[in-house]
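Below you'll find the structure, written out as C-alpha cells, and then a few comments.
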Amino acid sequence: MSQKRLGFQPLACKRDMRRPELNRDSGWLIGVDILVVFLGLIGQIFLSRSLLSTDYGLLIILLDAFATIFILVDAGLPTLLNRDGPKAPGMARKAAHRILKLQAVIAIPFIAIAFIGSTVIWGDLPFGLLSICAAITLMHVASYPHRSLLRCLGEARIEAMTKLLERTVTTSLYGCLMIFGINEIHWWALAFFLGAILGLISAIIFGEKVGKNNEGEGSLPELWNSNKSLLMGALPFAVTLGVLPYVTKLEKFLLSYFHSYEDVALFHVAQLAWLAGLLVPQGVRAALLPVLGEARTQEQLITRMSKAQSLGFILLPVGLFFGHVLVSNLIPLAFSTDYLQAVEIFEILLAGWALTLLAVPWYVGLQAGPHPWRFTGLLGLVVVSAFISGMLLIPEYGVTGAAWSSVCGSAVMFYASRWMNRTKLPQQIWLDVSALICLATGYLLSTGNGLAWIGIITVIPAGFSIVEIRHQMKNSEEE
C-alpha cells in the first residue's frame with residue numbers, strides 16, 4: 001500500500017503544502033493577537049490591583065525605555081527574511097542563523113548604552129530589576145528571526161502559538177502573584193521574563209524543526225551576498241522600527257519627566273484599550289499591503305485603495321460606539337478607583353483611533369510604493385509633531401495633554417499621508433467631514449457632553465460605502 005493511501009506524503013509534497021498565504025496566515029495572526037491582547041489586559045488588571053501606582057508606572061517606563069533602545073538591535077533583518085525567505089525556503093533557516101549572529105554583534109554597544117543610561121537615570125533602583133527588564137526586551141528581539149522564519153515558510157499558525165504561549169504563561173504567573181499577595185515589583189518583572197524566555201525557546205525549537213524540513217530550491221536576492229549589503233538593504237526597515245516605538249511611547253516618557261509615574265500608569269491603562277482597538281486598522285493594513293503591492297496600474301491601485309477606504313467608513317461608527325460603551329463600563333469594573341479618569345482619557349484617544357483607521361489606505365500606499373523611505377519619513381513627522389505638541393500640552397495639562405498630543409500625531413498621519421500619497425479617491429468630502437466629526441466626538445465624550453451623539457453622522461458615509469461594496473460585488477459576480 002502506498003504512502004499516500006496510508007495518509008502520509010513524501011517530504012517534497014509535505015513541503016509544498018505549507019506556503020505563505022495571505023488570508024490563512026493573517027487570519028491566524030489577527031485571531032491570536034486578539035487573544036494575546038485580551039490576556040494582556042487581564043495581566044494589566046492584575047498588575048494595577050497588586051502594585052502601587054508608582055511602582056506600576058515605573059515598571060511600564062522601564063520596559064518601554066529598554067524596548068525603545070533594543071528594538072534597534074532588530075536592524076530590520078527579520079523583515080527582510082519574511083520578505084525574501086519564501087523565494088528560497090531551503091536557505092531560510094541558515095538566513096535566520098545569520099541574522100541572530102549579526103544581531104548579537106549589534107546588541108553589544110546597545111547593551112552598554114542601556115545599562116550606563118539606566119544606572120544614571122534610575123541609579124537608586126536595584127541592578128537586578130534593571131537587568132530583568134532589559135533581558136525581557138532582548139528576549140523579544142531574539143525571538144523575531146525564528147518567528148519570521150516560521151511565517152515565511154507558511155507556518156504563521158505556529159508563530160502565533162508561540163506568542164500565545166508567552167502571554168498565557170506571563171498572565172498565569174501574574175495571577176499567582178496576585179493570589180499570594182506579592183507586591184514587590186521585581187517578582188512581577190521576573191514573571192514577565194519567564195514568559196518571554198519561554199516564547200523565545202518555543203520559537204527557536206519550532207523554527208528549527210520547520211526549517212530543517214524545507215529544502216526547496218531557489219536563492220536569496222543579491223543583497224544577502226554580504227553582511228554590508230544585507231544591513232544596507234534592511235536600513236529603511238531598521239529606521240522605521242527605530243521610529244515606531246515613539247509613536248506609542250513618547251507621551252509616557254514626557255509624562256514621567258514632567259509629572260509622575262502615577263500619571264504614566266493612568267495614561268497606560270487608557271492606552272491599553274486604545275491599543276486593543278488598533279487591532280482593527282492593523283488588520284486592514286496587514287490585508288491591504290500585499291494587495292496594493294500586486295497592483296500593476298494606477299486604476300487598480302485606486303480601486304483597491306477605494307475599497308479599503310469604504311471598509312474604513314463602515315468600521316468607523318462601529319468602533320466609536322462599541323469603543324465608548326465597552327471601555328466606559330469595563331475600566332471602572334476591572335481597575336481600581338485610582339484609574340477612573342482613564343475613561344475620559346480613552347474617549348480622547350478614540351478620536352486618534354478614528355483618524356488612524358481613516359488614514360490606512362494612504363499610509364499603506366506609501367509602504368507598498370517604490371519609495372519605502374517616504375513611509376519612514378511619515379512616521380518621523382508623526383513623532384516630531386507628537387513631541388512638539390507634547391512639550392506644549394503635557395507640562396500644563398498632564399495626562400489630558402498627553403492624550404491630545406497623541407491625537408495630534410494621529411491627525412498628522414491622516415493629513416500628511418494623504419498629501420504624500422497624492423492619490424485621489426471618491427468620497428473625499430466625507431473623509432474630511434468624518435475626521436472633523438470624530439475629533440469633536442472625542443472631545444465631547446471626554447467632557448460628558450450630550451452633543452457627543454454628533455458621532456452618529458459617521459453612519460452616513462458608512463451606508464454609502466455598504467451600497468458601493470455591494471455594487472462592486474454584484475459586478476464581480478456578473479463578470
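Residue numbers run from 1 in the order of the sequence given.
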Q. Rounded to the nearest 0.5 Å, how far does CG of L62 lie from SG of C133?
A. 4.5 Å
Q: Apply side-chain contact (heavy atoms from CB on, under 4.5 Å) to the pair S256 and Y261, showing each step before the final yes or no.
A: CA-CA 6 Å; S256 69; Y261 292 131; 4.0 Å; yes
Q.
Any side-chain to backbone donor/acceptor pair from S385 onto V412? Under 3.5 Å, distance only.
A. no
(Q) Looking at W187, I'd like to know if its CH2 atom is crowded, meaning that more than 12 non-hydrogen atoms belonging to other residues, nucleotides or ligands lie closer than 6.0 Å. (A) no
Q) Can you tell if the side chain of R98 reaches within under 4.5 Å of the side chain of N227, non-hydrogen atoms only? A) yes
Q: Give a yes/no verdict on a cation-pi contact between R49 and F46, requiring under 6.0 Å between NZ or CZ and the six-membered ring centre and an angle within 45° of the axis.
A: no
Q: Measure from the ring center of F346 to the ring center of W274 and say whether it is less than 6.0 Å.
A: no
Q | Contact check, side chains of L80 and W224, non-hydrogen atoms, under 4.5 Å | A | yes
Q: Taking salt bridge (Lys or Arg N to Asp or Glu O under 4.0 Å) as the test, write out the residues that go with E208, two or more places apart.
A: R93
Q | Reported CD1-to-CG distance for the pair I71 and L138, which is rounded to 0.5 angstrom | A | 10.5 Å
Q | Nearest heavy atoms of A191 and L177, plus distance in Å | A | CB-CD1, 4.0 Å
Q. Between the side chain of S148 and the main-chain N/O of P145, is any donor-acceptor distance below 3.5 Å?
A. no
**Q.** Residue pair M420 / Y363, side-chain heavy-atom distance below 4.5 Å
**A.** no
(Q) Is any side-chain heavy atom of I348 closer than 4.5 Å to one of V407? (A) yes
Q: Over all heavy atoms of both residues, which pair between L125 and L130 is shortest? Give the atoms and the distance, please.
A: CD1-CD2, 4.3 Å
**Q.** Value rounded to 0.5 Å, distance of CG in L194 from CD1 in I136
**A.** 9.0 Å
Q. Does the ring center of F193 lie less than 6.0 Å from the ring center of H186?
A. no
Q: Go through the steps to decide whether V169 and L173 satisfy the test side-chain contact (heavy atoms from CB on, under 4.5 Å), and finish with yes or no.
A: CA-CA 6 Å; V169 170; L173 291 174; 3.9 Å; yes
Q) Which atoms form the tightest heavy-atom contact between L150 and A203, and what is the distance? A) CD1-O, 4.3 Å
Q: Determine, step by step, whether L358 and F313 satisfy the side-chain contact (heavy atoms from CB on, under 4.5 Å) criterion, reporting the C-alpha distance in whole Å, the side-chain angles of both residues, the deciding distance to 0.1 Å, and the verdict.
A: CA-CA 7 Å; L358 293 174; F313 279 136; 4.1 Å; yes
Q. Can the ring centres of F115 and F127 be said to be less than 6.0 Å apart?
A. yes
**Q.** Least distance between heavy atoms, E166 atom then G199 atom
**A.** CB-CA, 4.0 Å
Q: Could you tell me whether the side chain of Q103 and the main chain of D74 form a donor-acceptor pair under 3.5 Å?
A: yes
Q: Evaluate the side-chain contact (heavy atoms from CB on, under 4.5 Å) criterion for residues I99 and L81: first the C-alpha distance (whole Å), next the side-chain angles of each, then the deciding distance (0.1 Å), finally the verdict.
A: CA-CA 9 Å; I99 289 172; L81 175 60; 3.8 Å; yes
**Q.** Interatomic spacing from CZ in F267 to CG in L255 - rounded to 0.5 Å
**A.** 6.5 Å
Q.
As an exercise, state the distance from CE of M178 to CH2 of W188, rounded to the nearest 0.5 Å.
A. 7.0 Å
**Q.** Lys/Arg N to Asp/Glu carboxylate O, E155 vs R157, below 4.0 Å
**A.** yes
Q. Donor-acceptor pair, S229 side chain versus L223 backbone, under 3.5 Å?
A. yes
Q. Is there a side-chain contact between F414 and T356, using heavy atoms and a 4.5 Å cut-off?
A. no
Q | Donor-acceptor under 3.5 Å (T137 side chain, A134 main chain) | A | yes
Q: For residues L266 and E262, determine if any side-chain heavy atom of one lies less than 4.5 Å from a side-chain heavy atom of the other.
A: no
Q: For N329 and V325, indicate whether the former's side chain and the latter's backbone hold a donor-acceptor pair under 3.5 Å.
A: yes
**Q.** Gap between atom CD1 of I204 and atom CG of L100 - 0.5 Å precision
**A.** 6.5 Å
Q.
Would you say that L59 contacts D55 through its side chain, given a criterion of any heavy-atom pair below 4.5 Å between the two side chains?
A. no
(Q) Tell me every residue that passes side chain to side chain contact (heavy atoms under 4.5 Å, CB included) with V105, counting only those two or more places apart in sequence or in another chain. (A) none
Q: Test S202 against T162 for side chain to side chain donor-acceptor pair (under 3.5 Å), laying out the working first.
A: CA-CA 6 Å; S202 62; T162 64; 4.8 Å; no
(Q) Any carboxylate oxygen within less than 4.0 angstrom of a Lys/Arg side-chain nitrogen, looking at E159 and R151? (A) yes
**Q.** Contact check, side chains of L316 and W353, non-hydrogen atoms, under 4.5 Å
**A.** yes
**Q.** Closest non-hydrogen atom pair, A196 against T170
**A.** N-OG1, 4.5 Å
**Q.** Test item: side-chain donor near acceptor, Y174 and Q44, under 3.5 Å
**A.** no
Q | Residue pair Q309 / P361: nearest heavy atoms and the distance that separates them | A | N-CG, 3.7 Å
